[in-house]
Amino acid sequence: MKTKLTGLALATMMAVAPSAQAGEVEVLHWWTSGGEATSVAFLKKQLAESGVDWVDFAVAGGGGESAMTVLKSRAISGNSPTAAQIKGPSIQEWGELGFLSSIDDVAKANNWDEILPEVVSDVMKYNGEYVAAPVNVHRVNWLWANPEVFRKAGATIPTTWDDFMVQAQKLKDAGYIALAHGGQAWQDATVFEAVVLGVGGADYYNKAFVQADMNALNSATTKEVFETFGQLRQFVDINSPGRDWNLATSMVIKGEAGMQIMGDWAKGEFKVAGKNPGTDYVCVAAPGTSGAYTFNVDSFAFFNQSDAESTQAQKVMAKEILSTDFQRVFNLNKGSIPARLGMARTEFDSCAHDSMDAFVASSASGSLVPSFAHGMAVSEAISGAIYDSATQFFNSDDSASEGVAQLVAAVAAAK
């Protein structure tokens with residue numbers, strides 16, 4: 001992002017959004033599916049009760065690429081929104097360019113350092129001050145399955161990648177789509193990420209896809225990752241290209257497909273459809289990853305404003321995001337778990353309980369890793385290189401060796 005922005009940012013770095021109306025926040029986000037829209041509606045309601053109007057600036061696209069393109073254009077022209085959905089290292093990059101506004105006074109007044117896990121709070125700060133507020137923690141390495149489809153096909157839910165291939169073939173032979181998938185780059189990267197973690201483990205994952213260690217990337221383990229990833233091509237239907245993620249989830253819900261590898265935002269779609277975990281659908285860790293956790297933290301970063309009323313509206317929004325009411329209702333709808341610690345578990349379902357337990361356990365074991373497929377682990381340039389390599393490989397008949405060579409070259413060029 002810095003290479004795209006820096007040239008113009010020098011002239012506009014200190015530009016701020018035009019004055020908003022009193023008590024108004026214009027919010028850029030990409031939450032447009034059923035479960036996501038329900039979650040956003042609750043935040044709008046909470047802000048309205050605090051006297052702040054929400055001006056919606058939704059840009060569809062599950063991975064947020066389109067939204068980020070629009071945000072860059074707005075920021076460079078000096079027309080930043082009040083807040084924008086930004087994640088991971090991108091928060092630091094926007095901070096370095098001088099666009100973000102400190103909300104540290106809100107954070108200190110509401111004890112954010114105490115109520116947030118350190119792995120979350122660190123990401124929300126620039127130069128030691130909060131510039132963003134987290135709304136949730138997503139576990140990305142989930143496998144969602146329709147148990148009725150498995151029963152009819154005589155298959156069992158797989159826990160290893162070798163077994164996945166066996167069970168997926170049973171589903172396919174029974175006339176079902178084994179793996180519901182949307183042929184979009186971010187979805188390809190999400191599945192690729194699950195394979196990386198399941199095949200290589202957390203140590204390899206960190207070396208190769210967080211530290212971008214070239215020796216780890218150019219290794220026999222990476223070749224095995226591509227071999228496994230390539231085997232999945234045969235289990236995806238021909239109508240996959242361009243399909244949105246929630247439509248793939250719907251295929252599992254309707255019994256057209258047996259499985260989907262997707263973050264826990266998929267659970268929001270099951271909930272909207274009136275389905276219950278353990279009976280209508282099953283949530284398990286992606287093959288080979290039961291002891292690990294790839295995390296994706298959604299957050300809103302706050303952009304510089306030119307007037308006191310807009311700045312105050314930002315602070316109201318920041319405070320509301322980490323309120324217990326919002327954290328509870330938002331995450332029940334979204335499928336994620338609360339970002340703040342100490343929340344009551346009573347209303348959360350078994351999938352959320354599993355996620356909460358796995359988050360704590362993986363943090364203690366060193367198997368809690370940031371999602372490179374969802375902007376939490378590496379720079380935008382390296383993330384783009386991984387995206388391009390994964391999606392190019394998956395949508396071709398390239399060999400595993402060719403996939404490794406492409407990835408290594410792309411990451412080396414992006415560093």
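- By the 4.5 Å heavy-atom criterion applied to side chains, F372 and V196 are counted as neighbours.
- For the atom pair OG of S50 and CD of E320, the computed distance is 5.0 Å after rounding to the nearest 0.5 Å.
- Using modelled atom types and a 3.5 Å distance limit, the side chains of N141 and T289 yield a donor-acceptor pair.
- The shortest side-chain heavy-atom distance between R74 and S80 does not fall under the 4.5 Å cut-off.
- Judged by distance alone, with hydrogens and angles left aside, the side-chain atoms of S389 form no donor-acceptor pair with the main-chain N or O of I386 at under 3.5 Å.
- Checked by atom type and distance alone, the side chain of R340 never pairs as donor or acceptor with a backbone atom of I115 at under 3.5 Å.
- Judged by distance alone, the side chain of T222 and the main-chain N or O of L217 form a donor-acceptor pair under 3.5 Å.
- Between the side chains of S336 and N331, at least one donor-acceptor pair of N or O atoms lies under 3.5 Å.
- Without hydrogens or angle criteria, Q327 side chain to A339 main chain gives a donor-acceptor distance under 3.5 Å.
- A donor and an acceptor atom, one from each side chain of E193 and S371, are located under 3.5 Å apart.
- For K415, there are no salt bridge (Lys or Arg N to Asp or Glu O under 4.0 Å) partners at least two apart in sequence or on another chain.
- The closest side-chain donor-acceptor pair between S310 and D307 falls under 3.5 angstrom.
- No side-chain donor-acceptor contact under 3.5 Å links Y126 and E96.
- Shown here for I91 and A132, the closest heavy-atom pair between the two residues is CD1-CB, 3.9 Å.
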As a quick check of understanding, evaluate salt bridge (charged side-chain N to carboxylate O under 4.0 Å, His left out) for K271 and D280, giving each step before the final call.
CA-CA 10 Å; K271 182 175 181 177; D280 300 316; over 6 Å; no
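- A salt bridge does not link K319 to D105: none of the charged side-chain nitrogens sits closer than 4.0 Å to a carboxylate oxygen.
- S101 places a side-chain heavy atom less than 4.5 Å from the side chain of Q314.
- Closest heavy-atom contact between I177 and F235: CG2-O, 4.0 Å.
- Under the 3.5 Å distance criterion, the side-chain polar atoms of S219 are matched with a main-chain donor or acceptor of A216.
- Checking side-chain atoms of N110 against main-chain N and O of W112 turns up no donor-acceptor pair under 3.5 Å.
- V297 and N136 get closest at one heavy-atom pair: CG1-O, 3.2 Å.
- At least one donor-acceptor pair under 3.5 Å links the side chain of R233 to the backbone N or O of S396.
- For E129 and S102, the side-chain atoms include at least one donor-acceptor pair closer than 3.5 Å.
- Residues P338 and M356 come closest through the heavy atom pair CD-CE, 3.9 Å.
- Between H374 and the options W186, Y387, F295, a ring pair (Phe, Tyr, Trp, His ring centres under 6.0 Å) holds for only W186.
- A 4.5 Å side-chain heavy-atom check between F303 and V131 finds every atom pair outside the cut-off.
- With salt bridges taken as basic N to acidic carboxylate O contacts below 4.0 Å, one links D298 and K334.
- Using a 4.0 Å cut-off between a side-chain N of Lys or Arg and a carboxylate O of Asp or Glu, K223 and E402 do not qualify as a salt bridge.
- With hydrogens and angles ignored, the 3.5 Å screen pairs no side-chain donor or acceptor of Q260 with any backbone N or O of L143.
- Across all their heavy atoms, P277 and C351 have their closest contact at CB-SG, 3.8 Å.
- Under the 30°/60° scheme for interplanar angles, the aromatic rings of F226 and F192 are found to be tilted.
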Stepwise side-chain contact (heavy atoms from CB on, under 4.5 Å) check, S240 with Q187
CA-CA 11 Å; S240 172; Q187 294 188 65; over 6 Å; no
Between Y293 and S363, does a side-chain contact (heavy atoms from CB on, under 4.5 Å) hold up when you go through it step by step?
CA-CA 8 Å; Y293 194 115; S363 178; over 6 Å; no
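- Counting all heavy atoms, side chain and backbone alike, S362 lies closest to G291 at CB-O, 4.0 Å.
- At distances below 3.5 Å, not a single donor-acceptor pair connects side-chain atoms of W265 with backbone N or O atoms of H138.
- Side chain to side chain, T391 and D188 meet the donor-acceptor criterion of an N or O pair below 3.5 Å.
- Every ring pair (Phe, Tyr, Trp, His ring centres under 6.0 Å) that F330 has, sequence neighbours left out, goes to W31, F326.
- A salt bridge does not link D325 to K45: none of the charged nitrogens lies less than 4.0 Å from a carboxylate oxygen.
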Steps toward side-chain contact (heavy atoms from CB on, under 4.5 Å) verdict (F300, V135):
CA-CA 8 Å; F300 284 109; V135 298; 4.0 Å; yes
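- At most 12 non-hydrogen atoms from other residues, nucleotides or ligands lie less than 6.0 angstrom from NZ of K207.
- The salt bridge (Lys or Arg N to Asp or Glu O under 4.0 Å) search around D163 returns none, not counting sequence neighbours.
- Distance alone, capped at 3.5 Å, places no donor-acceptor pair between the N246 side chain and the S33 backbone.
- Counting heavy-atom neighbours within 6.0 Å of D203 CG, excluding the residue itself, gives a total of 12 or less.
- Annotation for E114: atom CD counts as buried by contact number, over 12 foreign heavy atoms lying within 6.0 Å.
- We find that D349 and K267 are joined by a salt bridge, their nearest charged nitrogen and carboxylate oxygen being less than 4.0 Å apart.
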Determine, step by step, whether V27 and F57 satisfy the side-chain contact (heavy atoms from CB on, under 4.5 Å) criterion, reporting the C-alpha distance in whole Å, the side-chain angles of both residues, the deciding distance to 0.1 Å, and the verdict.
CA-CA 6 Å; V27 185; F57 186 10; 6.0 Å; no
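- Judged purely by distance below 3.5 Å, without hydrogens or angles, the side chains of S323 and Q46 never pair a donor atom with an acceptor atom.
- For the pairing with H181, the side chain to side chain contact (heavy atoms under 4.5 Å, CB included) check across D237, T190, V191 returns one residue only, V191.
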